[in-house]
Amino acid sequence: MTTPPTLPKNRQRLILATLMLCSLLIWLENTVLSTTLETLADPVRGLGANPGQLQWATGAYTLVFATLMFTAGALGDSFGHRNVLAIGLAVFAVTSIWAAYAGDASQLIAARAGMGVGAALIMPANFAILLWTFTGPGRATAIAISSTSTGVGMAAGPVLAGLLLGKFWWGSVFLINVPIVVVALAGVVLLVPNFRSSTRRPLDPAGILLSISGLAALTYGLIRAGQVDDWSHWDVWAPVALGIVLLAAFVAVELKARTPSFDPRMLSQQMFGGGNASMMLLLFSVAAVTFYNAFYLQGALGYSPMKAGLANVPTAAGAAVGAPLGARLVSRWSLRPIALPALTVAALSFGAVGFLGLHTPLVWIEVLLLVQGLSVGLVMAPVTGALISSLPLEQSGAGSAVTNTARQAGSVIGIAVGGTIMSIAYRGAIEPAVGDVPATYRDSVRVSAEQARHVAATLDRPSLAQAADRAFIHSMHVGAVWIMIIALIATAILVVALRPTGKKKTPAPKPDQEVAHSPEPRSTARIEGSPVAGNE
């Protein structure tokens with residue numbers, strides 16, 4: 001086994017750019033879909049998808065993404081992270097084309113699940129390659145720079161979706177992934193060495209089956225609750241209970257495994273476990289509030305996809321500024337005084353959605369979105385840097401898989417719970433307006449505000465559309481309160497996670513310090529296909 005050579009600075013920068021492009025692909029996909037939800041719900045311009053189908057179209061991607069990442073990390077450690085990354089990019093491109101030409105909501109959901117497979121292969125390999133490429137203080141800087149791709153994706157996604165939806169059919173928003181994949185694949189093949197661990201971790205079929213089935217059952221039950229408006233219904237509580245049991249069995253199986261793909265023991269560490277739990281709940285809140293925002297701007301306010309995309313730019317701009325700013329502030333002071341206030345502000349900004357209405361000036365919406373993006377960026381980037389940089393290099397694949405699995409699981413449940421709260425609250429608020437609607441249309445009116453507006457246009461009943469708008473605003477306000485509470489719980493957990501340990505009460509280490517003192521077991525590492533240093 002050979003010691004990996006230190007790559008030239010120029011090559012390191014090109015590898016970082018390639019990795020950012022891969023990360024951009026994933027974030028771009030998330031924001032593109034959020035802008036397209038309103039169109040997909042339209043019976044004429046889209047697929048006429050109901051809220052449950054839209055939750056699954058969003059959740060299927062994150063569900064598969066979350067549950068396959070730990071396996072993808074093991075594959076990368078065994079067969080090389082470059083190989084896994086390249087395969088993930090190819091899968092993402094193929095399934096994006098499938099999604100673009102889906103004939104109904106079921107096909108779209110299946111294609112989105114396939115895209116989740118590709119994303120699951122991309123993300124852990126992306127993180128691991130970054131950690132192998134950069135060492136010492138430069139690693140924290142690379143993580144901070146890489147995180148800006150989040151803001152770029154969040155900014156570009158809605159605008160690109162708006163442009164495409166204004167000129168083409170809804171499926172065009174998925175085709176933009178293909179040229180990005182082509183460029184990223186070229187960079188991966190030409191620039192990235194095939195980093196991999198010397199210890200090959202076996203695949204974990206039992207863990208894969210239990211994690212996917214458990215999270216899928218839990219998600220199904222949560223979404224079903226919004227469809228039947230009854231938490232006591234057997235097809236709500238039974239899948240939720242089954243999901244909890246299966247996930248508990250998954251943890252038990254992983255604890256007994258000699259070399260687990262997803263190691264729950266890593267979460268027993270105060271910082272790593274508490275930080276991941278906090279970020280999981282934060283992503284829960286972000287996913288839910290983003291789901292609401294898509295229907296608020298295009299549905300209730302009547303914005304075009306292009307205008308809605310531009311309206312979301314402050315969120316992306318805030319995240320793009322907040323990520324590097326947070327890393328810089330933490331390097332000057334420490335993690336605790338930066339992350340805790342930022343997370344508190346994020347929670348309050350989610351609750352402030354409860355003050356938005358049908359006549360709120362656009363400027364106030366933009367200010368709120370900017371605050372949300374900035375505060376989330378300030379906390380996500382430095383906490384991610386602290387979590388990842390604290391891991392031994394040999395655990396990079398497994399550690400990044402644990403971190404990203406927790407966050408994607410939070411997003412899946414956030415979409416399911418947020419959408420369910422919205423559906424239940426909407427149905428209760430719209431019921432008084434359903435009485436004088438012809439019987440054949442009543443179920444459609446109860447399903448969602450989008451379908452109620454379509455019925456109102458068909459029957460030439462403007463008052464019904466107005467009632468649907470008011471019912472949606474009510475449901476969004478109810479959801480905002482719950483989202484804020486969840487984010488405040490995330491803040492409380494982070495307080496505990498960042499609490500100093502030991503006899504000396506010292507501040508939490510800065511990311512650069514953590515990197516400098518983290519183990520660098522490069523003597524046991526292998527790189528395939530890497531030229532000898534100095535010959536490049």
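Basis for what follows: all heavy atoms, side chains included, without hydrogens, waters or symmetry-related copies. Counting from 1, the numbers follow the sequence of the chain as shown.
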S.K.: Working to the nearest 0.5 angstrom, can you tell me the gap between Leu301 CG and Thr360 OG1?
M.R.: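 It comes to 7.5 Å.
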S.K.: Enter the distance from Leu464:CG to Arg453:CZ here, rounded to the nearest 0.5 Å.
M.R.: 10.5 Å
S.K.: Under the side-chain contact (heavy atoms from CB on, under 4.5 Å) rule, collect the residues that match up with Met306, sequence neighbours excluded.
M.R.: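 If we apply the side-chain contact (heavy atoms from CB on, under 4.5 Å) test to Met306, skipping adjacent residues, the hits are Val159, Leu163, Ser304, Leu310.
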S.K.: If you compare all heavy atoms of Leu281 against all heavy atoms of Ile493, which two are closest, and at what distance to 0.1 Å?
M.R.: CD1-CD1, 3.7 Å
S.K.: Can you find a pair of side-chain heavy atoms, one from Ile486 and one from Phe350, that are under 4.5 Å apart?
M.R.: no
S.K.: Determine whether a donor-acceptor pair (N or O, by modelled atom type, separation under 3.5 Å) exists between the side chain of Arg446 and the backbone of Arg427.
M.R.: no
S.K.: Report the C-alpha distance between Leu335 and Leu340 in whole Å, list the side-chain angles of each, state the deciding distance to 0.1 Å, and finish with yes or no for side chain to side chain contact (heavy atoms under 4.5 Å, CB included).
M.R.: CA-CA 8 Å; Leu335 186 59; Leu340 294 180; over 6 Å; no
S.K.: If every non-hydrogen atom of Val383 is compared with every non-hydrogen atom of Ala339, which pair is closest and at what distance?
M.R.: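 The pair with the smallest heavy-atom distance is CG2-CB, 4.1 Å.
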S.K.: Could you walk me through whether Met476 and Met422 satisfy the side chain to side chain contact (heavy atoms under 4.5 Å, CB included) test, starting with their C-alpha distance in whole Å, then the side-chain angles of each, then the deciding distance to 0.1 Å, before giving a yes or no?
M.R.: CA-CA 6 Å; Met476 184 176 73; Met422 182 178 72; over 6 Å; no
S.K.: Please check this pair: side chain of Ser23 against backbone of Leu19, looking for a donor-acceptor N/O pair closer than 3.5 Å.
M.R.: no
S.K.: As a quick check of understanding, evaluate ring pair (Phe, Tyr, Trp, His ring centres under 6.0 Å) for Tyr61 and Phe65, giving each step before the final call.
M.R.: CA-CA 6 Å; Tyr61 173 80; Phe65 192 178; 5.8 Å; yes
S.K.: Which heavy atom of Val32 sits nearest to which heavy atom of Ala161, and what is that distance?
M.R.: O-CB, 4.0 Å
S.K.: Taking all atoms of both residues into account, what is the closest heavy-atom pair of Met280 and Ile413, and its distance?
M.R.: CE-CD1, 4.4 Å
S.K.: Quick check: do Arg461 and Asp436 have side-chain heavy atoms less than 4.5 Å from each other?
M.R.: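 Side-chain contact under 4.5 Å: yes.
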S.K.: What closest approach, in Å, do Ala468 and Ala449 show between heavy atoms, and which atom pair accounts for it?
M.R.: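 Here Ala468 and Ala449 meet closest at O-CB, 3.9 Å.
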S.K.: Contact between Leu37 and Phe291 at the side-chain level, heavy atoms closer than 4.5 Å - yes or no?
M.R.: yes
S.K.: Any sub-3.5 Å donor-acceptor pair from Thr95's side-chain atoms to Phe92's backbone N or O?
M.R.: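 Pair found, side chain donor or acceptor close to backbone of Phe92.
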S.K.: Go through the steps to decide whether Ile97 and Phe174 satisfy the test side chain to side chain contact (heavy atoms under 4.5 Å, CB included), and finish with yes or no.
M.R.: CA-CA 7 Å; Ile97 296 172; Phe174 296 109; over 6 Å; no
S.K.: Got a donor-acceptor contact below 3.5 angstrom from the Thr458 side chain to the His454 backbone?
M.R.: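 Such a contact is found between Thr458 side chain and His454 backbone.
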S.K.: So Arg13 and Leu16, do their side chains get closer than 4.5 Å, heavy atoms only?
M.R.: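 SC-SC contact between Leu16 and Arg13 ruled out.
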S.K.: Are Leu218 and Pro239 side-chain neighbours, meaning at least one heavy-atom pair lies under 4.5 Å?
M.R.: no
S.K.: Roughly how far apart are Leu348 CG and Met484 CE, rounded to 0.5 Å?
M.R.: 7.0 Å
S.K.: Side chain to side chain contact (heavy atoms under 4.5 Å, CB included) between Arg442 and Glu431: does it pass, once the steps are laid out?
M.R.: CA-CA 9 Å; Arg442 289 178 185 173; Glu431 195 60 39; over 6 Å; no
S.K.: Hey, does Gln451 have a side-chain heavy atom less than 4.5 Å from the side chain of Val445?
M.R.: no
S.K.: Quick one: pull up CG in Leu164 and CD1 in Ile176 and give me the separation to the nearest 0.5 Å.
M.R.: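 Taking CG in Leu164 and CD1 in Ile176, the distance rounds to 6.0 Å.
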S.K.: I need the minimum non-hydrogen distance between Ala288 and Gly418, along with the two atoms involved.
M.R.: CB-CA, 4.2 Å
S.K.: Less than 4.5 Å apart, any side-chain heavy atom of Leu40 and any of Leu33?
M.R.: yes
S.K.: Using residues 100-122 as the side-chain source, report each donor-acceptor pair under 3.5 Å to any protein atom, sequence neighbours left out, with the distance given to one decimal.
M.R.:
from   : atom 1 : to     : atom 2 : distance (Å)
Asp104 : OD1    : Ser106 : N      : 3.1
Asp104 : OD1    : Gln107 : N      : 2.8
Gln107 : OE1    : Gly103 : N      : 3.0
Arg112 : NE     : Ala57  : O      : 2.8
Arg112 : NH1    : Glu29  : OE2    : 2.5

S.K.: Could you grab the distance from atom CH2 of Trp170 to atom OG1 of Thr39, nearest 0.5 Å is fine?
M.R.: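 Interatomic distance, Trp170 CH2 to Thr39 OG1, rounded to 0.5 Å: 10.5 Å.
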S.K.: Could you pull out all donor-acceptor pairs under 3.5 Å where a side-chain atom in residues 363-378 meets a protein atom, sequence neighbours excluded?
M.R.:
from   : atom 1 : to     : atom 2 : distance (Å)
Gln372 : NE2    : Ser349 : O      : 3.3
Ser375 : OG     : Val371 : O      : 2.8
Ser375 : OG     : Gln372 : O      : 3.1

S.K.: Does the Asp460 side chain pair with the main chain of Ala456, one donor and one acceptor, at a distance under 3.5 Å?
M.R.: no
S.K.: For the backbone of Phe168 and the side chain of Ser172, can you confirm whether one donor and one acceptor N or O come within less than 3.5 Å of each other?
M.R.: no
S.K.: Which value, rounded to the nearest 0.5 Å, describes the distance between Leu356 atom CG and Tyr296 atom OH?
M.R.: 4.5 Å
S.K.: Tell me if a side-chain donor or acceptor on Ser475 pairs with a main-chain N or O of Phe472 at a distance below 3.5 Å.
M.R.: yes
S.K.: Could you tell me whether the side chain of Tyr220 reaches within less than 4.5 Å of the side chain of Val240, counting heavy atoms only?
M.R.: no
S.K.: Considering the options Ile485, Ile483, Val478, which one meets the side-chain contact (heavy atoms from CB on, under 4.5 Å) requirement together with Val481?
M.R.: Ile485
S.K.: Per the side-chain contact (heavy atoms from CB on, under 4.5 Å) rule, which among Leu21, Leu25, Ile180 passes with Leu89?
M.R.: Leu25
